Amino acid sequence: MDKKTRLNKIRRPSWDKYFLDIAQLVAKRSTCLRRQVGAVIVKDKRILTTGYNGAPSGLLHCEKTGCLREKMKIPSGERHELCRALHAEMNALLQAAHYGISVKNSIMYCTNQPCFICAKMIVNSGIKKIVVLSQYPDKFAKEALKEANVRIIIGKKVA
């Protein structure tokens with residue numbers, strides 16, 4: 001087989017698929033008992049930061065303390081302030097702030113659509129596009145992102 005034939009057989013993922021796959025890998029670090037979420041912030045096809053959902057640095061994780069939201073039977077998408085963990089999107093944004101990395105005009109890849117709290121942070125951080133693998137039951141987040149002209153692309157449409 002010549003070199004040209006070999007090159008034609010290589011099937012590389014699209015950039016969106018590539019970064020969504022990385023977000024799924026990042027999610028495996030999550031310590032949340034309910035949902036493992038990963039986020040990756042990218043600019044010019046380069047990873048700036050990553051984040052997964054879990055307790056703040058130095059605090060016990062939910063796997064040790066149990067899930068307060070689960071104990072209180074709080075439905076998904078409600079009462080986020082009662083969660084011990086930071087969301088993956090928050091952790092990715094905070095990591096950028098911690099290291100002085102601008103995320104203006106970047107893209108966030110996330111395993112789940114952001115909640116309303118994360119959506120507000122994303123809007124103010126200057127992120128212009130979010131590519132997600134799956135929806136999340138938070139209509140206010142969708143409305144806020146739309147109003148702020150932050151594009152959301154559902155990953156199932158990504159090849």
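Keep in mind that what you see is a predicted model, and the values were worked out from it rather than measured.
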Inset, instruction - Please tell me if the side chains of Met121 and Met90 come closer than 4.5 Å, counting only heavy atoms from C-beta onward. - result: yes
Legend entry - Steps toward side-chain hydrogen bond (donor to acceptor under 3.5 Å, both in side chains) verdict (Asp16, Tyr109): CA-CA 8 Å; Asp16 285 347; Tyr109 293 86; 2.6 Å; yes
Inset, instruction - Say whether, by atom type as modelled, one donor and one acceptor occur between the side chain of Thr111 and the main chain of Ser134 under 3.5 angstrom. - result: no
Legend entry - pair Pro114-Ile130: side-chain heavy atoms closer than 4.5 Å: yes
Inset, instruction - With rounding to the nearest 0.5 Å, note down the distance linking OG1 in Thr50 to CG in Leu25. - result: 9.5 Å
Inset, instruction - Measure the CD1-CE distance between Ile122 and Met108 for me, rounded to the nearest 0.5 Å. - result: 4.5 Å
Inset, instruction - Check Cys110 against Glu89 and note the closest heavy-atom contact, atom names and distance. - result: SG-OE2, 3.5 Å
Inset, instruction - For the residue pair Thr49 and Ile47, establish whether any side-chain heavy-atom pair is separated by less than 4.5 Å. - result: no
Legend entry - Whether Asn53 side chain and Val37 backbone form a donor-acceptor pair below 3.5 Å: yes
Legend entry - Rounded distance (nearest 0.5 Å) linking atom CD1 of Ile153 with atom NZ of Lys129: 4.0 Å
Inset, instruction - Identify the two heavy atoms, one from Val103 and one from Ala96, that lie closest to each other, and give their separation to 0.1 Å. - result: CG1-CB, 3.7 Å
Inset, instruction - Determine whether Ser106 and Lys128 make a side-chain contact, defined as any pair of heavy atoms from C-beta on separated by less than 4.5 Å. - result: no
Legend entry - Atom pair CG (Leu94) and NE2 (His87), whose distance is rounded to the nearest 0.5 Å: 12.5 Å
Inset, instruction - Please answer: with hydrophobic residues joined when any side-chain heavy atoms are less than 4.5 Å apart, are Val150 and Phe116 in the same cluster? - result: no
Legend entry - Student check: side-chain heavy atoms of Leu145 and Val123 closer than 4.5 Å: yes
Inset, instruction - Describe, in one word, how the ring planes of Trp15 and Phe19 are oriented to each other, choosing from parallel (under 30°), tilted (30 to 60°) and perpendicular (over 60°). - result: parallel
Legend entry - Sidechain-backbone polar pair: Lys43 side chain, Lys104 backbone, donor-acceptor under 3.5 Å: yes
Legend entry - Linked, directly or transitively: Ile127 and Ile154 (ILVMFWY side chains, under 4.5 Å): yes
Legend entry - Whether Arg151 side chain and Val131 backbone form a donor-acceptor pair below 3.5 Å: no
Inset, instruction - Would you check if Arg35 and Asn112 make a side-chain contact, meaning some heavy-atom pair closer than 4.5 Å? - result: yes
Inset, instruction - Please report the closest heavy-atom contact between Ala55 and His61, naming both atoms and the distance. - result: N-ND1, 3.4 Å
Inset, instruction - Determine, using the 4.5 Å side-chain heavy-atom cutoff (strictly less than), whether Phe140 and Val132 are members of one ILVMFWY cluster. - result: no
Inset, instruction - Answer whether the closest heavy-atom distance between the side chains of Ile41 and Leu93 falls below 4.5 Å. - result: yes
Inset, instruction - State, yes or no, whether a side-chain contact exists between Lys142 and Gln135 at a heavy-atom distance under 4.5 Å. - result: yes
Inset, instruction - Determine, using the 4.5 Å side-chain heavy-atom cutoff (strictly less than), whether Leu133 and Tyr18 are members of one ILVMFWY cluster. - result: yes
Legend entry - Donor-acceptor under 3.5 Å (Glu70 side chain, Gly66 main chain): no
Legend entry - ILVMFWY network linking Leu68 to Leu33, side-chain heavy atoms under 4.5 angstrom: no
